[in-house]
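Worksheet: the structure to be examined is printed underneath.
Numbered from 1 within each chain, the chains take letters A, B, ... in sequence-line order. The basis for the numbers below is simple: all heavy atoms, side chains too, and nothing from hydrogens, waters or symmetry mates.
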Number of protein chains: 2
Amino acid sequence: MFSAPASHRRLAAVGTDLPPGTAPDGSRGQILSESLRLFAEQGYGAASIRDIASRVGIKGASLYSHYPSKAHVLAELVRIGHEEHFRRMRDALLAAQPDVHVQLAAVVRAHVCAHAEYPMLAVVSNSELHALPEEFAAPLLAIRRQSEMLMLDVIQRGVNLGVFKVPDIQLAMTAIGAMGLRVAHWYTPDSGKTPEQIADTYALFAARLLGVTA
Amino acid sequence: MFSAPASHRRLAAVGTDLPPGTAPDGSRGQILSESLRLFAEQGYGAASIRDIASRVGIKGASLYSHYPSKAHVLAELVRIGHEEHFRRMRDALLAAQPDVHVQLAAVVRAHVCAHAEYPMLAVVSNSELHALPEEFAAPLLAIRRQSEMLMLDVIQRGVNLGVFKVPDIQLAMTAIGAMGLRVAHWYTPDSGKTPEQIADTYALFAARLLGVTA
DNA sequence: AAAACAAGCTAACGTTCGCTAGCTTTCAAT
DNA sequence: ATTGAAAGCTAGCGAACGTTAGCTTGTTTT
């Protein structure tokens, strides 16, 4: 029961940014953007088609010219969120070969930055996936497992090399992952900290957590 | 997007335990218990009065003999969750005077154990509070702030004493808090790890994160 | 025995939900 | 000028929602 926004809101952020190039033009994009805000603030179940449409400036029925169902809108948002997260982690890792300390910092930084730069997308991707029927969720869970594997592999390699020392690799990964996840709930640009500054501090925390003493 | 249950469920646990002495006898207690399961698995908005009642073995209307509204049921669950969490943290801290390393371990252990032993209660307390109207949420947020303060004070004291070294105290607290929060989502007794074992490992992680090298 | 109460029931209210059918408007391409 | 697709609209369906009213039944208290 920690690190939530001061009010009873689900997250502190107010921007509905989507990664560049992921939102279609016109009404389709506006529907995605306004759905993102409402799903993040109220949850998928509590956000109605009519709510979304009225923010876009159209009627509820007109939304079905653009998406076949409410679930398709959520699935699209979660897909964008998971793909962006995975892409950032993978790219950061590829650019950080071959030192395992540098790799760890890169992957933690990418993880944290993704959650700080797109907090609404992260909250929806993480907290609303359960609302999707299984056939929608399955390919998204596959992406999630790939992202986990990226971090787990770095930790495993560090342990094999003897530079990381932990009682349990899985517990270390869930701990580091959780730190970054939670950023999406409390981060706001008003805090005076940039995502990069937070990411740097969390990368330090991750290294220390893994037994790196420097 | 880490450390979730393998499926698209919101949490891995299946037990609906409430802390001893917190659930009333009879139907009132059953309503609390079944509401806890449904709120945790599906979210407050997606769980209907009729769902809850049918699991208790009564009709939806009969539920109103015991609670004045659906929101009152949620508020009661969140109150129980927050009070149990705070009580454990405070008691652990009081029993751990005066060494700051011992205090840190105690407070982190209490935090983690509360989330592992009552995962459904923790998920509901943390993820569904936003569904309550503000007048219900305000006193619960006050408890939450007290719990945060307990951990923050320990960290602050350690930093003042020079035994903890971090770039940012607030970031350290959110990181440590987040690690424990997330346990509620993936923990299940089947894993072969006890809450105490996980808590011990996380206490080690927290100490390392704060720059303790031992 | 009578009265009061507790705890359940059926029926229904008004609202909102996701979604569909079918119509109008706009506007670019033929 | 005509056509045809795109994108909006109104109206409404059936279902589910939280909640209320009023009744029955069984137990406890007076």
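Atom-to-atom, NZ of A/K59 to P of C/dC19 comes out at 19 Å; the value is rounded to the nearest Å. In this structure, the CD1 atom of B/I58 is 11 Å from the C1' atom of C/dC9, given to the nearest Å.
B/R28 pairs by the salt bridge (Lys or Arg N to Asp or Glu O under 4.0 Å) definition with nothing, not counting sequence neighbours. Under the ring pair (Phe, Tyr, Trp, His ring centres under 6.0 Å) criterion, B/Y118 pairs with no residue, sequence neighbours left out. Partners of A/Y187 under the ring pair (Phe, Tyr, Trp, His ring centres under 6.0 Å) rule, at least two apart in sequence or in another chain, do not exist in this structure. Not a single salt bridge (Lys or Arg N to Asp or Glu O under 4.0 Å) links B/D153 to another residue, sequence neighbours left out. Legend: residues meeting side chain to side chain donor-acceptor pair (under 3.5 Å) with A/D168, ordered by chain and number and at least two apart, are B/K193.
Residue pairs meeting the side-chain hydrogen bond (donor to acceptor under 3.5 Å, both in side chains) criterion with at least one partner in residues 58-80 of chain B, sequence neighbours excluded, are B/S69-B/H72, B/E76-B/R79, B/R79-B/E83. For residues 11-37 of chain A, no residue pair satisfies the ring pair (Phe, Tyr, Trp, His ring centres under 6.0 Å) rule, not counting sequence neighbours.
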Please tabulate, one pair per line, each protein N/O and nucleotide N/O from nucleotides 11-18 of chain C that are separated by under 3.5 Å, including the distance.
{"from": "C/dA12", "atom 1": "N6", "to": "B/R50", "atom 2": "NH2", "distance (Å)": "3.4"}
{"from": "C/dC17", "atom 1": "OP1", "to": "A/S48", "atom 2": "OG", "distance (Å)": "3.4"}
{"from": "C/dG18", "atom 1": "OP1", "to": "A/A47", "atom 2": "O", "distance (Å)": "3.4"}
{"from": "C/dG18", "atom 1": "OP1", "to": "A/K70", "atom 2": "NZ", "distance (Å)": "2.8"}
{"from": "C/dG18", "atom 1": "OP2", "to": "A/I49", "atom 2": "N", "distance (Å)": "2.9"}
{"from": "C/dG18", "atom 1": "N7", "to": "A/R50", "atom 2": "NH1", "distance (Å)": "3.0"}
{"from": "C/dG18", "atom 1": "O6", "to": "A/R50", "atom 2": "NH2", "distance (Å)": "3.0"}

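OP1 or OP2 of C/dG8 lies within a sub-4.0 Å distance of a side-chain N or O belonging to B/H66. Residue B/S65 has no polar side-chain atom (N or O) positioned under 4.0 Å from OP1 or OP2 of C/dA6.
Under the 30°/60° scheme for interplanar angles, the aromatic rings of A/Y202 and A/W186 are found to be tilted.
On the nucleic acid side, DNA chain D has its first and last nucleotide under 4.0 Å of a heavy atom of chain A at D/dG8 to D/dG12, going 5' to 3'.
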